Amino acid sequence: MRVSHVAEQWVEQTAGLTKPARVLWCDGSKAEYDRLIQAMLQDGTLLPLNPNTYPDCYLHRSHPSDVARTEQLTFICARQKEDAGPTNNWMAPAEAKTRAGGYLRGAMRERTMYVIPYLMGPAGSTMSRVGIMVTDSPYVVASMHVMTRVGQVALSAMRGDDDFIAGVHSLGDLSPDRRLVLHFPEEKLIWSVGSGYGGNALLGKKCHALRLGSAQARQEGWLAEHMLIIGVEDPEGRVTYLAAAMPSASGKTNLAMVESRLPGWRVWTVGDDIAWMHVDAHGQLRAINPESGFFGVAPNTSPKTNPNATRMVRSNTIFTNVALTPSGDPWWEGLTPEPPAGLVDWLGQPWKPGTPAAHPNSRFTVPVQQCPSVSPNWEDPQGVPISGLVFGSRRTSVIPLVFEGFDWTHGVFLGSAMSTETTAAITGKVGVVRRDPMAMLPFCGYNMGDYFAHWLSLQQRLTRPPRLFRVNWFRRDADGKFLWPGYGENVRVLKWMVERIHGGAPEVDETPIGFIPQPSALDTDGLALSTAHLREALRCDAGEWLQALGDLDEFYGQFGPRLPQPIARQLRETRKKFGG
Ligand code: SAT
Ligand code: MN
């Protein structure tokens with residue numbers, strides 16, 4: 001492999017700090033992956049699964065205190081605190097390096113330091129970017145093999161000797177007291193120590209593709225978003241591409257590979273978590289999926305909720321923290337209606353009813369090509385043309401099933417005002433409502449006021465700005481029952497969006513929050529859903545909204561002069577329309 005001098009020097013310097021027994025440059029080959037798997041099977045890091053029912057699939061059990069992203073230990077270490085902004089934890093770069101340096105010093109003693117050159121995005125795309133990370137975790141190396149393009153393909157994509165994001169990862173002692181996930185935007189550098197969990201340890205994903213990626217995107221005039229990418233094919237064979245932002249563990253993977261219940265309609269998968277989007281020379285927004293794998297939530301993935309995912313994880317998949325059946329099959333809550341007898345839980349203990357068998361944030365790691373609905377052009381270096389952007393959140397009340405923003409600025413306001421209920425994907429309390437603009441609260445690597453301004457500024461370069469939609473699959477009735485069946489039926493909502501994009505579906509109500517479809521506008525053919533029920537799912541209540549908008553002043557207020565005026569104006573106007 002041809003390696004840049006700058007990268008070599010940085011690797012040497014890092015080895016000087018972490019003191020590994022040996023340094024191994026990864027080439028990304030199948031042979032290398034197989035060697036890693038064999039070594040992990042031997043030392044117990046991986047357990048084999050049933051080779052007949054789940055060929056080439058493995059189970060990894062993480063440390064029980066290391067099962068989700070730890071936001072309170074994640075920092076943006078910009079030189080100026082204001083550049084991290086009020087929604088990020090900030091630490092001064094020097095202090096961050098002193099603290100983490102203490103944890104990293106000698107951390108790789110007697111371990112191998114793997115150097116992983118990885119490419120985010122398809123080979124040959126000007127939108128793709130290179131990272132080089134080091135790690136002492138073979139599980140991280142194998143996972144990076146699945147989630148990114150590793151080896152010469154990455155090194156060849158470098159446009160200069162220093163054209164890469166550098167990442168240092170060490171398991172350290174896995175103690176949450178000595179865990180830090182640090183981002184240095186001005187140095188294109190990530191330091192992560194003390195966790196082997198996905199979002200903390202697979203540095204290409206949230207750390208690079210979102211946190212540093214978003215900061216880079218702002219400087220260079222593009223977008224790095226927490227969005228799935230899909231192509232929706234209609235009965236005429238026309239494919240309309242959408243990108244949708246949703247918080248972690250809120251149905252992104254399910255929607256990304258949804259199997260349509262509507263005759264003639266089908267959904268093609270481009271990505272399930274991250275979209276990098278550029279405005280092309282013709283003013284068209286285009287998106288690539290920087291990843292090459294899925295790191296999806298296992299619980300509640302079933303033939304009913306996500307048939308494509310259940311098929312795709314039947315081979316070449318690494319499962320983390322799921323339960324195990326006596327025949328060596330993985331199992332998680334929801335996979336089958338009843339738990340099989342003799343389950344071993346995610347901790348490796350005989351499962352006790354009433355406790356989780358799989359961890360609520362247990363995961364599967366699997367290559368994109370395994371997805372039965374993978375789009376034929378998912379690796380198109382030009383990206384796919386995006387005609388609609390969707391902001392989705394998880395809210396029991398207030399937010400209608402679907403509505404459309406009036407225009408770009410209003411849509412950006414809707415995204416910026418998004419709030420959601422927390423899930424098991426982050427360490428902490430589940431079900432707490434918090435603001436999560438564009439589902440980027442944990443991932444925006446710079447001041448979110450500037451982020452809103454960046455979003456607004458793109459409009460002037462877009463010849464036909466994508467339509468902006470807001471969705472909420474999770475609204476419930478007074479008895480706590482979901483108002484909308486969700487999953488495969490969500491294609492009905494996608495169909496409405498596609499019709500709107502192409503100038504159809506005029507049956508909408510103009511409300512203070514945007515255009516809400518009238519019940520007749522949604523194709524509910526074959527659904528046992530009363531109009532009254534649907535009306536409730538689509539309802540916009542002035543009282544509820546005025547209350548919900550109430551604490552937005554406080555949220556926006558934190559940004560001070562960095563809050564773009566058009567956003568403040570949208571809030572004032574929305575209130576006025578509601579009579580508030
Ligand atoms: O573990 S990850 O952070 O990569 C998944 C997620 O929470 O979105
Ligand atoms: Mn995610």
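These figures come from a predicted structure and were not determined experimentally. Whatever order the structure lists them in is the order used to number ligands and atoms, beginning at 1.
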Among all residues two or more places apart in sequence or in another chain, which pass the side chain to side chain contact (heavy atoms under 4.5 Å, CB included) test with Asp43?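 Partners of Asp43 by the side chain to side chain contact (heavy atoms under 4.5 Å, CB included) criterion, ordered by chain and then number, come out as Met40, Thr45.
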Residues in side chain to side chain contact (heavy atoms under 4.5 Å, CB included) contact with Pro86, at least two apart in sequence or another chain: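 Once residues adjacent in sequence are excluded, the partners of Pro86 under the side chain to side chain contact (heavy atoms under 4.5 Å, CB included) criterion are Asn447, Gln558, Phe559.
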Centre-to-centre under 6.0 Å for [X] and [Y], is that the case here?
| X | Y | result |
| --- | --- | --- |
| Trp268 | Tyr241 | no |
| Trp408 | Trp455 | yes |
| Tyr118 | His208 | yes |

If only side-chain N and O atoms count, and only distance matters, is there a donor-acceptor pair under 3.5 Å linking Asp177 with Tyr103?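 Side-chain D/A pair, Tyr103 to Asp177: absent.
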Asn321 and Ser62 side chains, donor-acceptor separation under 3.5 Å: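 Looking only at side-chain atoms, Asn321 and Ser62 do form a donor-acceptor pair, the distance falling under 3.5 Å.
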Could you go through ligand 1 and note, for every N or O atom, any protein N or O atom closer than 3.5 angstrom, writing the atom names and distance to 0.1 Å, or 'none'?
{"residue": "ligand 1", "atom": "1 (O)", "partner": "Tyr197", "partner atom": "OH", "Å": "2.7"}
{"residue": "ligand 1", "atom": "1 (O)", "partner": "Gly199", "partner atom": "N", "Å": "3.0"}
{"residue": "ligand 1", "atom": "3 (O)", "partner": "Arg69", "partner atom": "NE", "Å": "2.5"}
{"residue": "ligand 1", "atom": "7 (O)", "partner": "Arg69", "partner atom": "NE", "Å": "3.1"}
{"residue": "ligand 1", "atom": "7 (O)", "partner": "Arg69", "partner atom": "NH2", "Å": "2.8"}
{"residue": "ligand 1", "atom": "7 (O)", "partner": "Ser248", "partner atom": "OG", "Å": "2.9"}
{"residue": "ligand 1", "atom": "8 (O)", "partner": "Lys206", "partner atom": "NZ", "Å": "2.9"}
{"residue": "ligand 1", "atom": "8 (O)", "partner": "Ser248", "partner atom": "OG", "Å": "2.7"}

Report the residue from Met144, Met108, Met113, His169 that forms a side chain to side chain contact (heavy atoms under 4.5 Å, CB included) with Thr135.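 So the option named by the test is His169.
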Do Val168 and Leu104 come close enough that some side-chain heavy atom pair is under 4.5 Å?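 SC-SC contact between Val168 and Leu104 confirmed.
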Tally every protein N/O/S atom whose distance to the Mn ion (ligand 2) is less than 2.8 Å; waters are neither shown nor counted.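 Number of qualifying protein atoms: 3.
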